[in-house]
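Step one of this worksheet: look at the structure below.
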Amino acid sequence: MKNSIFKLFNVILVIGVLAVGCDLTESTVDEPSDVQVQMKVNAGPVAEAMFTSNNEHTNTLEIQEVKMFIEKMELESITDDSSDFEIENFIADLPLDGSPLVITEKQIPAGLYDEFELEIEKPDDDDVQVNDPDFRDETGSYSMVVKGLFNGEEFTFRSSEDFEIEMDLNPPLEVTETESSTLVISIDVDSWFTGSNGETLDPKEFKNNEIINDNIENSFDGFEDDYDDDSEEYDFEGYVEAVNLTEQTFTLTNGMTLHVNSETRFDDDLKSLDELEHAINEGYTVEADGEYYVDSSGRNVVIEVDLEYEDEDDIEDYDFEGYVESVDLTEQTFTLTNGMTLHVNSETRFDDDDRQ
């Protein structure tokens with residue numbers, strides 16, 4: 001999976017490493033690098049702010065403001081929990097022209113981060129200070145606020161549901177002291193107010209609240225891992241024939257290709273795909289057995305794998321006997337009159353009259 005784009009759904013997570021200019025950080029490249037986390041609304045239908053339905057009557061929806069209360073934003077370190085980076089309890093007011101809102105310019109410690117998490121929740125805790133009355137009033141607390149016009153009339157849609165974006169970063173996000181990185185979350189808001197038949201939903205209608213909340217939840221679910229505890233698991237076993245570090249895969253001699261990610265657990269002799277590639281390149285025979293699931297793209301994703309060097313004592317021996325018909329020094333083989341071709345190598349022991 002490429003560095004630049006992880007998934008493409010109604011919500012898109014993009015991660016890129018770049019030299020950040022003054023328009024973003026107001027810093028020079030000589031200063032210590034920062035990681036920016038940005039959130040923006042996709043420029044397109046939302047920026048146009050006009051949608052029509054397939055009904056007899058034409059409905060127009062204009063989005064004027066999108067705000068969310070972020071209970072926690074976290075980057076999880078690949079090393080240990082103490083190195084995780086997080087900020088809590090703030091309001092994100094998204095620009096609607098496609099320009100990014102910088103959620104944080106706070107310096108993130110150098111290291112590798114393999115998971116991004118954003119929790120959008122209503123501020124239930126009374127100790128949390130909320131200065132925006134849209135998120136808390138006498139009727140309750142709210143996690144999401146969308147304002148605009150429906151058929152020319154003002155509306156305010158407020159959700160009290162909790163939402164979460166959680167995404168594995170594979171390969172991990174590398175934060176260094178010499179480069180700047182940007183993590184961008186693009187939100188496609190128009191899908192929130194679209195019904196199953198493509199019609200525009202009236203945000204003022206209470207009956208549409210559940211559908212709109214489900215649409216928001218479904219758009220954020222685009223980030224979730226394909227695997228969960230309910231996914232069906234399968235077993236695999238075989239000898240490794242090839243490794244592809246670019247695609248993060250290994251292939252068995254039976255032709256089965258298996259993908260690994262940051263959640264894959266490596267046990268036994270070899271502890272990573274890099275170690276496996278090195279072993280195969282060195283000519284070792286490696287047996288793999290473990291469990292996998294099939295993701296939404298049809299890939300076989302490894303949950304857990306045991307990678308074990310094949311013990312020569314475990315290789316089954318067979319006897320052969322016959323008259324030698326020919327020898328091929330280039331291929332290091334000899335062939336018997338019964339048609340059997342046998343290969344020799346540096347470990348082959350020659351006994352009896354003529355030693356080679």
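These figures come from a predicted structure and were not determined experimentally.
- Contact check for Phe150 versus Glu205: no side-chain heavy atoms found under the 4.5 Å cut-off.
- The closest side-chain heavy-atom distance from Phe135 to Lys122 is not below 4.5 Å.
- Note that CG of Leu342 is 13.0 Å distant from CD of Gln332, once rounded to the nearest 0.5 Å.
- Identified under the ring pair (Phe, Tyr, Trp, His ring centres under 6.0 Å) test for residues 257-282, with sequence neighbours left out: none.
- Following chains of ILVMFWY side-chain contacts shorter than 4.5 Å, one can reach Val302 starting from Tyr234, so the two form part of one hydrophobic cluster.
- For the atom pair Arg158 CZ and Asn209 CG, the distance stands at 11.5 Å (nearest 0.5 Å).
- Note: Phe193 and Phe157 have perpendicular aromatic rings, judged against thresholds of 30 and 60 degrees for the angle between ring planes.
- Lys204 places no side-chain N or O within donor-acceptor distance of the main-chain N or O of Phe155, the cut-off being under 3.5 Å.
- Leu112 and Leu273 fall into different hydrophobic clusters, where Ile, Leu, Val, Met, Phe, Trp and Tyr residues are linked whenever their side-chain heavy atoms come under 4.5 Å apart, directly or through other members.
- Pairs engaging residues 138-150 under the side-chain hydrogen bond (donor to acceptor under 3.5 Å, both in side chains) rule: Asp134-Lys147, Asp137-Thr139, Thr139-Tyr142 [sequence neighbours left out].
- A search for side chain to side chain contact (heavy atoms under 4.5 Å, CB included) contacts involving Glu119 returns Glu71, Lys72, Glu117, Glu121, Glu164, not counting sequence neighbours.
- Nearest heavy atom pair, residue Pro203 against residue Leu61, reads CG-CD1, 3.8 Å.
- Leu201 and Gly195 get closest at one heavy-atom pair: CG-N, 3.7 Å.
- Arg136 places a side-chain N or O within 3.5 Å of a backbone atom of Pro123 that can act as its donor or acceptor partner.
- The CG atom of Leu307 sits 15.0 Å away from the OH atom of Tyr284 when rounded to the nearest 0.5 Å.
- Heavy atoms only, all atoms of each residue included: Gly152 and Thr60 are closest at N-OG1, 4.3 Å.
- The two residues Glu88 and Glu86 have their closest heavy-atom pair at OE2-OE2, 2.9 Å.
- Here the side chains of Leu149 and Glu154 are in contact, with some heavy-atom distance below 4.5 Å.
- Looking at Asp235, its side chain never comes within 3.5 Å of a backbone N or O of Glu291 through a donor-acceptor pair.
- With Glu263 contributing its side chain and Asn261 its backbone, the two residues share no donor-acceptor pair below 3.5 Å.
- Residues Met73 and Phe85 have side chains in contact (heavy-atom distance under 4.5 Å, counting atoms from C-beta outward).
- Side-chain contact between Thr335 and Ser326 is present, with at least one heavy-atom pair separated by less than 4.5 Å.
- Counting only distance, with no hydrogens or angles, the side chain of Asp84 and the backbone of Glu74 share no donor-acceptor pair below 3.5 Å.
- Asp269 places a side-chain N or O within donor-acceptor distance of the main-chain N or O of Tyr309, the cut-off being under 3.5 Å.
- The main-chain N or O of Thr257 is found under 3.5 Å from a side-chain atom of Asn300 such that the two form a donor-acceptor pair.
- Put simply, CD1 on Ile216 and OG on Ser191 are 8.5 Å apart, with the number rounded to the nearest 0.5 Å.
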Discussion item. side-chain contact (heavy atoms from CB on, under 4.5 Å) for Val305 and Val260? Distances and angles first, verdict last.
Written reply: CA-CA 10 Å; Val305 58; Val260 304; 5.7 Å; no

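- Using a 4.5 Å cut-off on side-chain heavy atoms (C-beta onward), Val240 and Leu252 make contact.
- Residue Asn59 is tested with Asn151, Thr200, Asp202 for a side-chain hydrogen bond (donor to acceptor under 3.5 Å, both in side chains); the sole match is Asn151.
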Practice prompt. Report the C-alpha separation of Ile280 and Glu282 in whole Å, then their side-chain angles, then the decisive distance to 0.1 Å, and conclude whether the side-chain contact (heavy atoms from CB on, under 4.5 Å) test is met.
Written response: CA-CA 5 Å; Ile280 296 300; Glu282 290 295 314; over 6 Å; no

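- The shortest distance between side-chain heavy atoms of Asn208 and Glu210 does not fall below 4.5 Å.
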Practice prompt. Please report the C-alpha distance between Val145 and Glu65 in whole Å, then the side-chain angles of each, then the deciding distance to 0.1 Å, and finally whether the side-chain contact (heavy atoms from CB on, under 4.5 Å) criterion is met.
Written response: CA-CA 8 Å; Val145 178; Glu65 188 173 21; 6.0 Å; no

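- In the hydrophobic clustering of ILVMFWY residues, with side-chain heavy atoms under 4.5 Å counting as a link, Leu270 and Leu245 come out together.
- Distance CD1/Ile212 to CD/Glu217: 14.5 Å, rounded to 0.5 Å.
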Discussion item. Does Tyr292 form a side-chain contact (heavy atoms from CB on, under 4.5 Å) with Val301? I'd like the steps, not just the answer.
Written reply: CA-CA 5 Å; Tyr292 71 98; Val301 182; 5.9 Å; no

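- Side-chain contact between Phe163 and Leu118 is absent, with no heavy atoms from C-beta onward closer than 4.5 Å.
- Criterion: ILVMFWY side-chain heavy atoms under 4.5 Å apart, direct or through other members. Under it, Phe320 and Val327 are part of a common hydrophobic cluster.
- Summarising the geometry of Phe236 relative to Glu304, their closest heavy-atom pair is CE2-O, 4.1 Å, with the distance given to 0.1 Å.
- For the atom pair CD1 (Ile211) and OG1 (Thr194), the distance works out to 11.0 Å, reported to the nearest 0.5 Å.
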